[in-house]
Amino acid sequence: MPRQQLRTPSTSIDLSQHFRMVDALPQQVTSQTLFQNDAGLQIEVGSGKGLFLLNASGEQPDQNFLGIEIAHKYAKHAATKLKNAGRTNAIMASGDALPIFEKQIPDASLAAVHVYFPDPWWKKKHKKRRVLNEPFLRSASRTLAPGGRFYFWTDVLDYFESTLELMAMVVPELGPPLPDVVSEAEHDLDYRTHFERRSRKNEIPVYRVHFDKPA
Ligand SMILES: C[S@@+](CC[C@H](N)C(=O)[O-])C[C@H]1O[C@@H](n2cnc3c(N)ncnc32)[C@H](O)[C@@H]1O
């Protein structure tokens with residue numbers, strides 16, 4: 001299914017508290033350097049239009065959230081939603097999440113890592129472009145604090161199964177996948193992400209798991 005076109009974001013809105021280019025992120029990405037406090041930091045890779053970030057930062061005001069989205073227009077769109085909702089605990093960054101995970105996040109520092117509906121890259125020769133690759137999974141495991149959680153949801157069975165196999169091989173310390181269960185949506189934005197809403201509305205099965213790093 002093709003993605004909906006987004007309107008060009010307004011340039012007049014002040015996004016200075018809610019938007020950064022990845023190049024402008026601090027050398028060490030932590031709650032202190034981003035939010036000047038010690039609340040738990042959760043990072044979402046590939047935030048799309050930002051529904052997860054908007055909902056989660058409202059539901060968990062005692063946590064901080066960073067979304068990293070490589071598509072600039074989407075990153076700006078998500079940041080605008082955070083700004084309009086008055087969030088002070090969530091920021092969007094525009095750019096590639098993978099080098100940030102590799103180099104800029106200290107060991108054992110994250111409360112959670114979220115990856116929802118990553119691009120499947122169907123063709124065999126393109127599969128190496130998948131975000132859930134070996135180096136990223138190692139970085140995610142390294143950067144999670146003890147007791148931290150890694151979420152992975154997708155509607156692509158092949159991606160789901162191959163990622164679970166890969167994780168068992170390269171990050172066995174995260175333990176077994178644990179199912180995430182959802183309840184009936186109560187309103188039109190009562191979904192984890194926009195892609196989750198689209199799949200559920202079209203009755204496409206969604207595979208949802210998380211992994212808990214031992215405390
Ligand atoms: C299929 S969309 C899902 C968006 C959102 N998570 C959802 O469920 O609605 C995958 C998103 O990941 C983003 N993405 C892909 N590779 C990325 C990377 N290396 N760093 C950050 N974002 C990435 C894409 O631009 C796209 O917006």
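Bear in mind that the values here come from a model prediction, so they are computed numbers and not experimental data. Both ligands and their constituent atoms are indexed starting at 1 by order of listing.
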**Report entry** Ala97 N/O under 3.5 Å from ligand 1 N/O
**Finding:** yes
Query raised in the report: Any non-hydrogen atom of Gly95 lying under 4.0 Å from ligand 1?
Result: yes
Report task. May I ask you to check whether Tyr116 and Phe195 place their ring centres under 6.0 Å from each other? Result -> no
Query raised in the report: Do Ile70 and ligand 1 have an N or O pair less than 3.5 Å apart?
Result: yes
**Report entry** Glu196 and Arg208 ion-paired at < 4.0 Å
**Finding:** yes
Query raised in the report: Quick one: is the NZ or CZ of Arg192 closer than 6.0 Å to the six-membered ring centre of Tyr151, and within 45° of its axis?
Result: yes
Query raised in the report: Is the His210 to Phe150 ring centre distance short of 6.0 Å?
Result: no
Query raised in the report: Counting from 1, what ligand 1 atoms have a heavy atom of Phe117 closer than 4.0 Å?
Result: 1 (C), 2 (S), 3 (C), 8 (O), 10 (C)
**Report entry** ligand 1 N/O within reach of Val131 N/O, cut-off under 3.5 Å
**Finding:** no
Query raised in the report: At the 4.0 Å heavy-atom cut-off, does Glu196 count as touching ligand 1?
Result: no
Report task. Could you tell me if the ring centre of His72 sits under 6.0 Å from that of Tyr74? Result -> no
Report summary line: Contacts of Glu134 meeting salt bridge (charged side-chain N to carboxylate O under 4.0 Å, His left out) (sequence neighbours excluded), chain-then-number -> Arg138
**Report entry** Contacts of Arg20 that satisfy salt bridge (charged side-chain N to carboxylate O under 4.0 Å, His left out) - sequence neighbours left out
**Finding:** none
Query raised in the report: Considering distance alone, does some N or O of Thr193 sit under 3.5 Å from an N or O of ligand 1?
Result: yes
Report summary line: Quick look: Leu51 vs ligand 1, heavy-atom contacts under 4.0 Å, and the answer is neither
Report task. Go through ligand 1 atom by atom and flag the ones less than 4.0 Å from a non-hydrogen atom of Asp96. Result -> 18 (C), 19 (N), 20 (N)
Query - Options His194, Glu69, Lys73, Arg198, ranked by nearest heavy atom to atom 11 (C) of ligand 1, top entry - result: Glu69
